Amino acid sequence: MVAMMVGSRLFALGFLAGLGSAAGVLPPRALSTTRAVGTLESCPGYKASNIKTSPSGLTADLTLAGTACNVYGTDLRDLVLEVTYESDTRLHVKIQDAANDVYQVPESVFPRPGKGAGGSSSRNSDLKFSYKTNPFSFTVTRARTGEVLFDTSAAPLVFESQYLRLRTKLPDNPNLYGLGEHSDPFRLNTTNYIRTLWSQDSYGIPNGANLYGNHPVYFEHRSTGTHGVLLLNSNGMDVKIDKSGSSGQYLEYNTLGGVLDFYFVAGPSPIEVSKQYAEITGLVAMMPYWGFGFHQCRYGYQDAFEVAEVVQNYSVARIPLETMWTDIDYMDRRRVFTLDPERFPLSTVRGLVDHLHEKNQHYIVMVDPAVAYQKYPPFERGVEDNVFLLRSNGSVWKGVVWAGVSVFPDWFSANIAKYWNNEFGVFFAKDTGVDIDGLWIDMNEPSNFPCNFPCSDPDASAVGFPPTPPPVRSPPRPLPGWPCEFQPAGTSCKRSSDSVLGLDAAVYSVLPPDDAASISVSARAAVASGKQLGLPGRDLLYPKYAIHNKAAFQDSWNAAQGGISNHTVNTDVIHQNGLAEYDVHNLFGTMMSTYSQAAMLSRRPGLRPLIITRSTFAGAGKKVGKWLGDNFSTWDHYRTSIRGLLAFASIYQVPMVGSDVCGFAQNTTETLCARWAMLGAFSPFYRNHNEYLPSIPQEFYRWSVVAEAARKAIDIRYRLLDYIYTALHQQSVDGTPMINPLFYLYPNDASTFALDLQYLYGPALLVAPVTQEGATSVDVYLPKDVFYDWYTHARIQGEGKTISVTNQNLTDIPLFLRGGVIVPLRTKSALTTTELRAQDFEILIPVGADGTATGQLYLDDGVSVQQSGVTWINFRYANGVLTARGSFGYRTDVKITKVTLIGAAGAGGGHCSGSKCPVDKSSVVVNQSLRGDFAIKISAPR
């Protein structure tokens, strides 16, 4: 949800223009004069000594090789190098301080992968580590060919108290992907390009900016193979990609601290790199089956009556609605863990949820991390449990979010799990609270958007927060089939009590600005040495190196003007375990995700939670899905949504991903929303969401053509739902991406390397939407392979060139089946996924050039964390016979009732294109149970 008030849109875009004179900003810190300051060019690098090798790697001491340059901090004299061949395809290289004081990403947040299957050795590894001793540099090469993948000799290593630099050479015009989160092209720019990693509330997802999350990994694809590089470091950083006359093309890390903790994976195929990266981050969470249904939300629903009317209107329009969402509108004055007693009273909300559940639909609400600084139970319990971020004097650190002056959870505090679980258990109790089915977490960069740094007077910044709520009203019109709470006056129904979880709204009183004495706790202990808690004596607010964080008024303000703290928690805050916010800022969203998943499991043990977050770090996909933030209703952001989808699903291992369909901010249009309704149906997470008035409503039923487009797209999506659910399961097992850029499947076709407007939904379905406003055609690149039109099943021989797909009206989206991949389909769609799961299957067999095809189908109960039995079928078609082998532990009465063979007669010969190709298919009606292996004979058409 957008971090702003209506009418104050510039507020979230950085320092206000009026602050250009630095009014309200602390003066720059005076520079220390106790040490000589040089230039980066004068930095001496390090010398390696005491080198000890073993079959599994090596260790060495690194000592500063000359006079310290002290450019952005104090050069550390003594470092240690550790190199480990963790598996045959993974190499771990870590450079850290010898004293073990410098902060490292905690294992509690990012568990290290360790050695796979007993580890590897330099003899068996696909990668080779080599080094030079003085000045120290290292290379990573392919063991079999000697091809250099990473070479740090381009510039001396710099390792200072608040700045690290390491540069690697690259080939000219490299194919680089990753380093997110960003809205730039999927294939990264390679000239004068900076990717900044520093979480910020980034309304409008601007190009060239740091966005909500951080994934310091890149994949590089070459004609000789693909490899991946992860720098496990959560400090703010700039990754610079450029070329110079002296060192040529390069990639350079510039971090505000931490250590150089690298993982290299060898591939050599793009999909293998993705799978190997998943071994480092952890395999993704399996989501509930219903999570793949269509979701509807809006920021600004007036009350529970409007929410109910939206649900009713979707039903009347016969557009399948699986899950209804509510933004922060449901809260009492924007306070988390409360209900607005007038607009969303408990009895009415429970009636809404009960109605949805009776119809096999679901309900999700938003929870923000910030807790209102007011005398109400969630705040008071948090103080009692000592779970909020504190100032050095023991008082709570205060910022400003939607509820006004607010405090923030310390995810490293000792009692945070107890506190978070309890708040979820009370507020979302099945029998007495809001019985949600999933969760939406937002503002977890964390956002402190109304309060400009140094946020020394949050009460002044909180004027206007919370915003004025909409008018209170009675039910405006009858809703047939709904509980009495939703009917107008005069209905002879007994109404339920309007209590709000036993909390009287009158106790939600604002605390005085200086009420810290009553809520303070003991000040933090001094930072212990040798425990990776961060070097003492650092300037945590004003680092000398200015990352290009766009939350600051100017990039340069990220240094002496403290811009890295603007609109977020100040970076000098120390967590309960001694870590500085300066070091762990980028982990906030992922830690909230971890504790929120645990809280959802605590209240509904054994059931997979669907949790969608905004801010992520490497490894977030183990717990949650991700929506792509506060986009605009523009054609550019329609296109950008595809790039984000590709990056998160195929690189960052966060596959449950999607954008706000039709756009969040500004007014959408009928044509844009129709196109986006169809495109969004082919992302794993599919939700229509937009912002507060005066933006127009954009539910799909608002326009007849959009409604038609949505019904058509959802019909296809739902029939394919088990196919894509199977693809997610595969990714949860071994990291195989469920969404693929074309070069993943066609790595030798250079024309695919930069494609980011068409993609593969699962292994079989090529999605190629119309992407230009007013267009009724689109050029689609088809690699040299066999494809089939999804709608007509006409065979199309890809020739490594584009084809023009014409006559695409607003209810069309070009789709192609990839030959050789079997697709299981439900025989028909349904209004809910519960109804869908009762439909039988059709098996679609589009044969490849060799006349064969393979595929998979995974079945389970769709909701349980631990399954009592699953079915996993491997299909193969060859020589007129479809065989199915696998395990059949999930008991179901659903059967295969139809098998359709496509392209068998033309396999192995002839070339045709589009309309020139005759439709070659045959279908057989069967009655095949899914309880054991089977074979079905199919005759090809003559």
Side-chain angles (χ1 to χ4, degrees), residues 3-5 8-31 162 196-203 206 209-212 235-238 256-257 369-370 373 388-393 395-402 404-408 443-465 513 538-575 580-586 588 615:
M4 64 176 63
M5 291 180 62
S8 303
R9 299 186 185 281
L10 293 178
F11 215 60
L13 301 180
F15 285 137
L16 294 177
L19 292 177
S21 63
V25 180
L26 288 179
R29 288 289 179 90
L31 298 180
Q162 293 192 251
T196 299
L197 275 65
W198 186 252
S199 299
Q200 70 143 334
D201 182 345
S202 43
Y203 175 75
N210 49 310
L211 302 184
Y212 307 102
N235 287 82
M237 71 176 74
D238 285 339
L256 295 180
Y373 179 73
F388 297 132
L389 292 174
L390 303 176
R391 296 184 182 273
S392 58
N393 66 359
S395 65
V396 290
W397 193 91
K398 293 181 290 185
V400 183
V401 197
W402 288 106
V405 179
S406 300
V407 297
F408 297 82
M443 311 295 284
N444 52 355
E445 293 73 36
S447 177
N448 175 33
F449 68 93
C451 203
N452 295 309
F453 178 77
C455 200
S456 56
D457 189 358
D459 293 276
S461 297
V463 174
F465 292 91
R538 294 178 295 166
D539 194 335
L540 299 176
L541 285 177
Y542 306 98
K544 289 187 176 181
Y545 178 79
I547 60 172
H548 289 65
N549 165 41
K550 300 306 179 183
F553 179 61
Q554 300 175 18
D555 289 341
S556 62
W557 284 32
N558 285 295
Q561 280 77 18
I564 59 173
S565 297
N566 193 42
H567 293 166
T568 189
V569 171
N570 286 0
T571 50
D572 65 343
V573 169
I574 304 300
H575 290 260
E581 180 66 10
Y582 177 94
D583 296 314
V584 301
H585 167 83
N586 283 344
F588 192 98
S615 182

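Not measured: the values here are computed from a predicted model.
- Of all non-hydrogen atoms in Phe408 and Ser447, the two that sit nearest each other are CE2-O, 3.6 Å.
- Once rounded to the nearest 0.5 Å, the distance linking CG of Asn448 with NZ of Lys398 reads 12.5 Å.
- With a 4.5 Å cut-off on side-chain heavy atoms, Pro206 and Leu211 count as touching.
- Annotation: the span from Glu581 atom CD to Thr568 atom OG1 amounts to 6.0 Å, rounded to 0.5 Å.
- The nearest pair of heavy atoms linking Ala546 to Ser556 is CB-O, 4.0 Å.
- A 4.5 Å side-chain heavy-atom check between Phe553 and Gln561 finds every atom pair outside the cut-off.
- Judged as a side-chain contact (heavy atoms from CB on, under 4.5 Å), and not counting sequence neighbours, the contacts of Ser565 are Phe453, Leu541, Asn570, Thr571.
- Not a single donor-acceptor pair under 3.5 Å links the side chain of Tyr545 to the backbone N or O of Leu256.
- For the pair Met237 and Ile547, the minimum side-chain heavy-atom distance is 4.5 Å or more.
- Shown here are the side-chain contact (heavy atoms from CB on, under 4.5 Å) partners of Ala580, two or more places apart in sequence or in another chain: Arg538, Leu540, Ile574, Tyr582, Asp583.
- Partner of Asn549 under the side-chain hydrogen bond (donor to acceptor under 3.5 Å, both in side chains) criterion, out of Asp238, Asp555, Asn558, Thr196: Asn558 alone.
- At least one side-chain heavy atom of Phe588 sits under 4.5 Å from a side-chain heavy atom of Pro369.
- Between Ser406 and Ala370, the shortest heavy-atom contact is CB-CB, 3.9 Å.
- Separating the CH2 atom in Trp557 from the OH atom in Tyr542 is a distance of 11.5 Å, to the nearest 0.5 Å.
- Taking 4.5 Å as the limit, every side-chain heavy atom of His567 sits out of range of all side-chain heavy atoms of Asp201.
- Shown here are the side-chain contact (heavy atoms from CB on, under 4.5 Å) partners of Ser615, two or more places apart in sequence or in another chain: Ser199, Asn444, Glu445.
- Shown here for Arg391 and Cys455, the closest heavy-atom pair between the two residues is NH2-O, 4.1 Å.
- In this structure, the separation between CH2 on Trp402 and CZ on Phe465 is 6.0 Å, given to the nearest 0.5 Å.
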side-chain contact (heavy atoms from CB on, under 4.5 Å) evaluation trace for Asn235 with His585: CA-CA 7 Å; Asn235 287 82; His585 167 83; over 6 Å; no

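- At a threshold of 4.5 Å between non-hydrogen side-chain atoms, the residues Asn452 and Asn566 count as touching.
- The two residues Trp198 and Ile564 come nearest to each other via the heavy atoms NE1-O, 3.0 Å.
- Asn210 places a side-chain N or O within 3.5 Å of a backbone atom of Lys550 that can act as its donor or acceptor partner.
- In this structure, Trp397 and Val569 approach most closely via the heavy-atom pair CH2-CA, 3.8 Å.
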